[in-house]
Amino acid sequence: MNPFTAKTVQLIRSIPEGRVMTYGQVAAAAGNRRAARQVVRVLHSMSAAEQLPWHRIINAKGGISAPADAAGKGILQRDLLEAEGIVFREDGTVDLEACRWFPPDAEME
DNA sequence: AAGATGACTAGGT
DNA sequence: GACCTAGCCATCT
């Protein structure tokens with residue numbers, strides 16, 4: 001497992017309940033702001049681990065990018081977020097300005 | 001080895 | 001705001 005992946009996992013695991021981060025933001029906080037796609041790759045391989053709150057990762061538009069069956073079992077990412085208190089707008093996006101979380105110990109470039 | 005792929009983004013029309 | 005394009009980069013064919 002490379003450093004980026006490790007940092008990414010650690011970062012995602014540290015996102016508090018009721019908060020979200022964008023792919024690009026996680027990538028930047030993990031050290032490589034152009035690695036949004038690698039963040040996605042991490043989620044692909046780690047989504048099975050319940051420890052990883054993959055649902056708290058949304059796209060830069062504040063919407064859900066994951067396919068409906070990402071969690072399997074018919075669980076929707078949106079449901080998981082709403083269960084944590086995150087409010088969605090009519091268009092299915094969240095208020096990033098209000099819900100986005102900035103990791104305290106991340107080294108933003 | 002070369003080309004396609006993806007739970008992305010930023011910038012332009 | 002909706003839509004298109006060009007970057008991005010580790011993996012997979």
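Order of the sequence lines sets the chain letters (A, B, ...), proteins ahead of strands, with each chain counted from 1.
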Engineer: For atom P, what is the distance between C:dG7 and B:dA7, given to the nearest Å?
Structural biologist: 22 Å
Engineer: Can you give the donor-acceptor pairs under 3.5 Å from side chains of residues 39-48 of chain A to other protein atoms, not counting sequence neighbours?
Structural biologist:
| unit_1 | atom_1 | unit_2 | atom_2 | d |
| --- | --- | --- | --- | --- |
| A:S45 | OG | A:R41 | O | 3.3 |
| A:S45 | OG | A:V42 | O | 3.0 |
| A:S47 | OG | A:L43 | O | 3.3 |

Engineer: Considering only residues two or more places apart or on different chains, which pairs with a residue in residues 8-28 of chain A satisfy salt bridge (charged side-chain N to carboxylate O under 4.0 Å, His left out)?
Structural biologist: none
Engineer: Please list each protein N or O that sits under 3.5 Å from an N or O in nucleotides 2-5 of chain B, with the distance.
Structural biologist:
none

Engineer: Would you grab the first and last nucleotide of DNA chain C (5' to 3') that comes under 4.0 Å of any non-hydrogen atom in chain A?
Structural biologist: C:dG7 to C:dT11
Engineer: Considering residues at least two apart in sequence or located in another chain, which fulfil the salt bridge (charged side-chain N to carboxylate O under 4.0 Å, His left out) criterion with A:D79?
Structural biologist: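 With neighbours one apart ignored, the set is empty.
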Engineer: Report, as a single string ordered 5' to 3', how protein heavy atoms within less than 4.0 Å touch nucleotides 7-13 of chain B: B base, S sugar-phosphate only, - not at all.
Structural biologist: BBSS---
Engineer: Who passes side-chain hydrogen bond (donor to acceptor under 3.5 Å, both in side chains) against A:T22, sequence neighbours left out?
Structural biologist: none
Engineer: Other than A:I86, which residues form its hydrophobic cluster under the rule that side-chain heavy atoms must be closer than 4.5 Å?
Structural biologist: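 Joined to A:I86, directly or through intermediates: A:V20, A:I58, A:I64, A:L81, A:F88, A:V94, A:L96.
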Engineer: Find the distance between CG (A:L52) and CD1 (A:I57) and round it off to the nearest 0.5 Å.
Structural biologist: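 Spacing of CG (A:L52) from CD1 (A:I57) equals 7.5 Å.
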Engineer: Among pairs that include at least one residue of residues 61-72 of chain A, which meet salt bridge (charged side-chain N to carboxylate O under 4.0 Å, His left out), considering only residues two or more places apart or in two chains?
Structural biologist: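 Counting only pairs at least two positions apart or across chains, no salt bridge (charged side-chain N to carboxylate O under 4.0 Å, His left out) contact touches residues 61-72 of chain A.
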Engineer: To the closest 0.5 Å, what do you measure between OG1 (A:T8) and CG (A:N2)?
Structural biologist: 8.0 Å
Engineer: For the residue pair A:L11 and A:P103, what are the closest heavy atoms and their distance?
Structural biologist: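 Where A:L11 meets A:P103 most closely, the heavy atoms are CD1-CB, 4.0 Å.
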Engineer: List the residues meeting salt bridge (charged side-chain N to carboxylate O under 4.0 Å, His left out) with A:E90, not counting sequence neighbours, and say none if there are none.
Structural biologist: none
